[in-house]
Amino acid sequence: MALPWHIPLEAVSSLKENERPIESSQLLHYCNLNIHKNPCEELQTGLMCEIGMNNKEPSVIQRLIASGMTVARLNLRDLEPDASAQLIQSIRQAVFNYSTELDYVYPLALIVDVRGPDVVTGDLKGGPRTMIELVQNETIRLTTDPSWRECGTVDCLFIGYDHLTELHPSDIIYIDSLTSGKIKLSVLEVGDDSIECNILSGGKIGAKMTVRISKVPNDVDITNKINHENFDLISSDSSQQPFEYMEDQIAWAVAFDIDAVLVPNAQNSQDLCYVRNILSEKGKHILVFACIDSVMGLDNIDVLLSEADGIYIDKCVLSTDLPVEKIFIAQKVILAKCNYAGKPCICKAVINEQIPTLCVTDIANLVLDGADVLSLELHYDSPLKKFSPSFDAFRMAEHCIAAAAVICRQAESILWQPKTYGNLKLMQNTLEEPSKAVCVSAVELAMRSRAVVIICLTNSGRTAKILSHGKPTCPIVAVTRSCHTARQLRFWRGIRAMHYFEDAKNTWILEVESRIHSALDYCKAKRMLCAGDAYVVVTSLRRGVGYCDSVRLLYASARDTVFVE
């Protein structure tokens with residue numbers, strides 16, 4: 001077989017003579033930045049958006065994908081199984097329509113937000129539709145006495161938490177509010193079956209409002225809330241009511257081939273092991289992300305990282321358990337540990353459609369700190385509707401995603417590479433597997449040759465993940481026949497997965513060259529590769545080896561790839 005895209009070195013007119021060398025310090029790097037230079041058109045950071053009843057139409061989802069969405073998030077907490085199934089069907093229809101337009105399969109990852117049983121307040125005295133207002137600087141009593149379960153007032157509320165009286169004075173309690181913000185209480189006095197609290201921030205509440213207790217272990221017994229012998233019976237009747245138990249949600253996720261699950265308020269390895277036990281053998285391929293919502297989870301970040309496949313952080317939720325002035329420190333610690341371990345980190349980001357410039361710095365800093373995926377919060381009930389009847393919330397959501405993509409691309413273009421290139425030293429300690437040794441060589445070769453892309457062939461995605469851990473200076477194009485692998489690789493920054501589905505060739509050499517051929521066509525279509533550009537190929541020379549054992553440095557030609565058998 002001939003490789004017409006592999007041109008001889010003499011044909012390369014210039015090896016990027018106009019490129020500036022890598023500066024020795026970050027200070028000099030920032031001093032010499034060219035603000036007029038255009039960034040790469042291919043976005044390396046992932047963008048995650050929540051899909052719900054507000055944007056469930058396939059046409060709307062397709063427009064979000066076209067704007068830059070790479071991960072779709074579903075919150076199963078308040079949805080019925082039938083509604084969740086309709087959302088999945090809409091998402092996959094949108095992906096099919098978009099892939100048809102592109103002439104290649106667009107891998108969109110799906111992640112679900114599962115919830116365990118929450119600590120909630122009891123019913124109110126006036127009935128299920130009654131609302132009461134808690135006024136700032138007044139006091140209220142919280143009790144575990146069952147006699148108050150259905151007759152709560154502004155003076156006393158029932159809390160379904162058996163360890164309520166184990167709190168101490170000055171502990172903080174948050175209650176969801178029907179108005180903006182959360183209700184904040186401070187414990188004044190602890191009794192036998194109740195506690196006296198001062199209302200630091202007031203608001204209106206209804207029946208069964210979610211309660212969050214700061215700096216207290218998550219002792220809610222999620223394993224005994226459901227009888228596993230009756231699990232099939234509960235699952236069969238679940239179509240008539242929203243998901244109530246974590247087991248139901250995870251079983252649904254496995255049945256619909258979801259790519260990852262978010263475990264809320266993960267505090268120790270037992271929380272993640274319990275989820276993996278529910279996933280069992282059928283769901284072992286599903287990624288498990290630990291949500292860091294509390295100080296206890298932050299203190300156990302090393303344990304959680306060793307057990308989880310990735311981390312999710314929401315600064316707004318974490319700020320309820322950590323002083324606001326320490327949030328940026330926690331963000332840098334978590335992102336650095338995830339980059340060190342080579343595991344993806346999803347960070348919450350908000351774009352204000354009224355004043356979007358306020359969010360530019362926050363999004364850019366997340367990219368510079370090493371975030372793999374940004375979770376964007378899109379508002380479809382914007383107050384701008386009151387002032388402009390023609391306001392299109394769906395178009396504004398598209399603009400927000402597109403704006404975030406532009407910010408990410410600009411931040412990626414100014415990243416000082418030695419800051420992340422140091423990950424090679426971490427990988428060079430003891431190379432306990434051959435894949436890591438080959439990937440380290442590929443990353444270093446790409447850096448020294450100024451390669452514009454690394455093309456790797458992978459089945460499980462492990463080779464692409466190791467390459468991403470090395471933080472190369474160029475994007476990684478992972479070619480795989482597994483659609484599930486292609487979707488899951490969306491969580492790793494810098495990886496562009498390509499689902500290869502052509503008929504298998506007669507020999508392994510022809511199969512390898514056919515996959516490289518498709519990857520090169522993809523790179524040229526995405527304007528990632530031009531004539532004379534260097535690129536690195538990581539492949540296996542034998543079928544069934546189990547790891548990539550070959551690294552090649554090639555230069556692209558202007559001609560299309562043509563097979564000669």
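Atom set for the values below is all heavy atoms of this structure, side chains included, hydrogens, waters and symmetry mates excluded. Bear in mind that the values here come from a model prediction, so they are computed numbers and not experimental data.
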Evaluate the side chain to side chain contact (heavy atoms under 4.5 Å, CB included) criterion for residues Ile292 and Tyr312: first the C-alpha distance (whole Å), next the side-chain angles of each, then the deciding distance (0.1 Å), finally the verdict.
CA-CA 6 Å; Ile292 307 297; Tyr312 175 87; over 6 Å; no

Could you check Val538 against Leu457 for side chain to side chain contact (heavy atoms under 4.5 Å, CB included), going step by step and ending with a plain yes or no?
CA-CA 7 Å; Val538 183; Leu457 310 187; over 6 Å; no

Aromatic ring centroids of Tyr106 and Tyr98 under 6.0 Å?
yes

Between [X] and [Y] (side chain of the first, backbone of the second, donor and acceptor by atom type, cut-off under 3.5 Å), is there such a pair?
| X | Y | value |
| --- | --- | --- |
| Asn32 | Leu28 | yes |
| His469 | Lys436 | no |
| Thr480 | His499 | no |
| Lys343 | Ala308 | yes |
| Asp293 | Ile313 | no |
| Glu412 | Gln44 | yes |
| Ser99 | Phe96 | no |
| Thr485 | Arg481 | no |
| Gln331 | Lys326 | no |

Asp257 and Arg487: CA distance, side-chain angles, deciding distance, salt bridge (Lys or Arg N to Asp or Glu O under 4.0 Å) verdict
CA-CA 11 Å; Asp257 195 24; Arg487 297 197 305 263; 3.1 Å; yes

Find the distance between [atom1] ([X]) and [atom2] ([Y]) and round it off to the nearest 0.5 Å.
| X | Y | atom1 | atom2 | value |
| --- | --- | --- | --- | --- |
| Arg493 | Cys338 | CZ | SG | 12.5 Å |
| Asn38 | Ser413 | CG | OG | 9.0 Å |
| Cys347 | Ile363 | SG | CD1 | 11.5 Å |
| Leu368 | Leu335 | CG | CG | 11.0 Å |
| Lys337 | Leu298 | NZ | CG | 9.0 Å |
| Asp549 | Thr539 | CG | OG1 | 7.0 Å |

Given the rule in the side chain to side chain contact (heavy atoms under 4.5 Å, CB included) test, do Met48 and Leu374 qualify, once you have shown the distances and angles that lead to the verdict?
CA-CA 6 Å; Met48 182 170 76; Leu374 300 186; over 6 Å; no

Heavy-atom distance under 4.5 Å between the side chains of [X] and [Y], does that happen here?
| X | Y | answer |
| --- | --- | --- |
| Tyr535 | Leu529 | yes |
| Val477 | Lys526 | no |
| Ile88 | Arg92 | yes |
| Glu502 | Ser518 | yes |
| Cys456 | Leu467 | yes |
| Leu47 | Val373 | no |
| Arg552 | Ile516 | yes |
| Leu74 | Ile91 | yes |

Are side-chain N/O atoms of [X] and [Y] paired as donor and acceptor at under 3.5 Å?
| X | Y | answer |
| --- | --- | --- |
| Glu57 | Ser90 | no |
| Gln62 | Glu101 | yes |
| Ser514 | Tyr500 | yes |

So which atom in [X] and which in [Y] form the shortest heavy-atom distance, rounded to 0.1 Å?
| X | Y | result |
| --- | --- | --- |
| Ala486 | Ala497 | O-CB, 3.3 Å |
| Ile51 | Leu87 | O-CD1, 3.9 Å |
| Ile258 | Leu110 | CG2-O, 3.3 Å |
| Ile476 | Ser468 | CD1-N, 3.5 Å |
| Leu304 | Gly297 | CD1-O, 3.5 Å |
| Ser375 | Ile346 | CB-CG2, 4.0 Å |

State which residue, out of Val114, Val261, Ile286, fulfils the side-chain contact (heavy atoms from CB on, under 4.5 Å) condition with Val275.
Val261

Using the side-chain contact (heavy atoms from CB on, under 4.5 Å) rule, pick out the option among Asp309, Thr70, Asp372, Val71 that qualifies with Phe491.
Val71

Checking salt bridge (Lys or Arg N to Asp or Glu O under 4.0 Å) for the pair Arg276/Glu307: CA distance, chi angles, key distance, verdict?
CA-CA 10 Å; Arg276 291 195 184 277; Glu307 186 67 30; 3.7 Å; yes

For the residue pair His29 and Trp416, categorise the inter-ring angle as parallel (less than 30°), tilted (30 to 60°) or perpendicular (more than 60°).
tilted

Check this for me: does any side-chain nitrogen of one of [X] and [Y] sit under 4.0 Å from a carboxylate oxygen of the other?
| X | Y | result |
| --- | --- | --- |
| Arg73 | Glu377 | no |
| Lys348 | Asp314 | yes |
| Glu513 | Lys505 | no |
| Asp259 | Arg490 | no |
| Asp533 | Lys524 | no |
| Glu281 | Lys284 | yes |

Test side chain to side chain contact (heavy atoms under 4.5 Å, CB included) on Thr458 and Val479; report intermediate values, then the result.
CA-CA 6 Å; Thr458 180; Val479 185; over 6 Å; no

Can you confirm whether Arg527 is buried at CZ, in the sense that more than 12 heavy atoms of other residues, nucleotides or ligands lie under 6.0 Å from that atom?
no

